[in-house]
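Note that the coordinates shown come from a computational prediction; the quantities given were computed from them, not determined experimentally. Protein chains get the first letters and strands the later ones, always in sequence-line order, with residue 1 at the start of each.
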Number of protein chains: 2
Amino acid sequence: MELARRRGHEVLTSEEVAASVNTNAVIVRRSLGDLQRAGMVRARRGNGAGYSLARSATEITLLDVWLAVAPEPLLALHHGEPNLECPVGRGIRPVLTDLYDEATDTFRAALARSTVADILQRILA
Amino acid sequence: MELARRRGHEVLTSEEVAASVNTNAVIVRRSLGDLQRAGMVRARRGNGAGYSLARSATEITLLDVWLAVAPEPLLALHHGEPNLECPVGRGIRPVLTDLYDEATDTFRAALARSTVADILQRILA
DNA sequence: CCGTACGTAGCAGTGATGGTTACTTTTGCC
DNA sequence: GGCAAAAGTAACCATCACTGCTACGTACGG
């Protein structure tokens with residue numbers, strides 16, 4: 001959570017972030033790369049480089065982050081084809097994808113209700 | 001979907017279900033075993049054995065199925081501990097689990113709105 | 001008692017993820 | 001211009017979960 005270092009440090013290196021998450025700097029660069037492609041984070045390179053927020057923390061929702069780092073469909077159908085000779089096998093997929101989409105939408109709506117700023121405020125409270 | 005064979009066949013063997021899902025009988029037995037432990041399906045053994053619904057299809061929601069077969073938390077925290085020297089690292093987990101629970105609840109509520117009977121009706125429509 | 005089909009263990013193949021190392025590229029500073 | 005710092009990225013390995021398969025134990029009807 002990038003905003004916490006708006007108390008002095010304008011940018012954070014991947015090493016610093018990795019230390020605070022107890023993981024590897026490369027993992028951080030990979031994840032922040034996703035957020036950067038989604039336009040929520042800026043990366044400066046070269047000497048004195050590091051990451052900073054590209055948008056205000058009040059304008060970044062959990063949903064934004066979720067979409068940037070999780071391309072997977074949350075509910076996946078069985079990989080293989082069902083047996084098309086069975087009447088259920090033929091018709092089940094559109095119905096299930098429909099229901100999946102519905103459930104996924106409510107899930108996303110819940111994520112969209114919280115911004116990074118909200119979360120930070122609740123952490124510091 | 002077990003109800004479709006209430007047009008004659010009282011029980012289905014794992015082999016028959018596997019054929020209709022284009023998968024292996026053992027996989028079916030494992031999955032239906034979960035549903036059986038959750039009380040939604042009955043299994044008869046011995047000669048002429050097979051599976052049948054333990055409750056009416058109108059009394060089985062997608063949420064029931066989901067809970068029976070998916071014990072995973074849908075949104076998992078990072079496995080490792082965050083750095084506890086960072087103020088954000090210390091406080092973030094309760095906040096995130098809270099938000100995760102909230103989103104997961106709305107997701108489950110959406111699943112609870114559909115029963116197996118509903119799905120079957122939509123398939124045959 | 002015998003055959004059928006569930007229950008379950010064990011194993012190989014696959015794919016996703018995390019972690020590490022190493023190398024390239026960019027860029028500020030001297 | 002050259003050096004050093006740090007992002008970007010590729011390659012590789014370990015781990016884990018899941019599917020699919022074989023095989024065997026177990027319950028139960030005829």
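The separation between B/Gln36 atom CD and C/dC6 atom P is 10 Å, rounded to whole Å. Taking atom CG on A/Asn47 and atom C1' on D/dC3, their separation rounds to 9 Å, with Å as the unit.
Set against C/dA5, C/dT4, C/dT8, the side chain of B/Thr13 has C/dA5 as its closest nucleotide. Closest to the B/Ala49 side chain, of the nucleotides C/dT4, C/dA5, D/dT9, is C/dA5.
Interface remark: the A/Arg45 side chain does not form any donor-acceptor pair with the C/dT27 base, using a distance-only criterion of under 3.5 Å. Checked by distance alone, A/Arg44 brings no side-chain donor or acceptor within 3.5 Å of a matching partner on the base of C/dT27.
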Identify each atom pair where a protein N or O and an N or O of nucleotides 19-22 of chain C are less than 3.5 Å apart, giving names and distance.
from: C/dG19; atom 1: OP2; to: A/Thr23; atom 2: OG1; distance (Å): 2.5
from: C/dG19; atom 1: N7; to: A/Arg30; atom 2: NH2; distance (Å): 3.0
from: C/dT20; atom 1: OP2; to: A/Asn24; atom 2: ND2; distance (Å): 2.6

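Counting only residues at least two apart or on different chains, the side-chain hydrogen bond (donor to acceptor under 3.5 Å, both in side chains) pairs with a member in residues 16-26 of chain A are A/Thr13-A/Glu16.
Ion pair A/Asp118/A/Arg113 not flagged as a salt bridge, since none of the NZ, NE, NH1 or NH2 atoms sits closer than 4.0 Å to an Asp/Glu carboxylate oxygen.
Taking for each of B/Gly48 and A/Gly50 the nucleotide of DNA chain D with the nearest heavy atom, the 5'-most of the two is the partner of A/Gly50.
B/Asp101 and B/Thr104 are not linked by any side-chain donor-acceptor pair at a separation below 3.5 angstrom, with hydrogens and angles left out of the test. When only modelled atom types and interatomic distance are considered, A/Asp34 and A/Ser31 share no side-chain donor-acceptor pair under 3.5 Å.
One finds a side-chain N or O of B/Ser14 lying less than 4.0 angstrom from the OP1 or OP2 phosphate oxygen of C/dC6.
Among the atoms of the strands shown, none is found under 4.0 Å from any heavy atom of B/Glu16.
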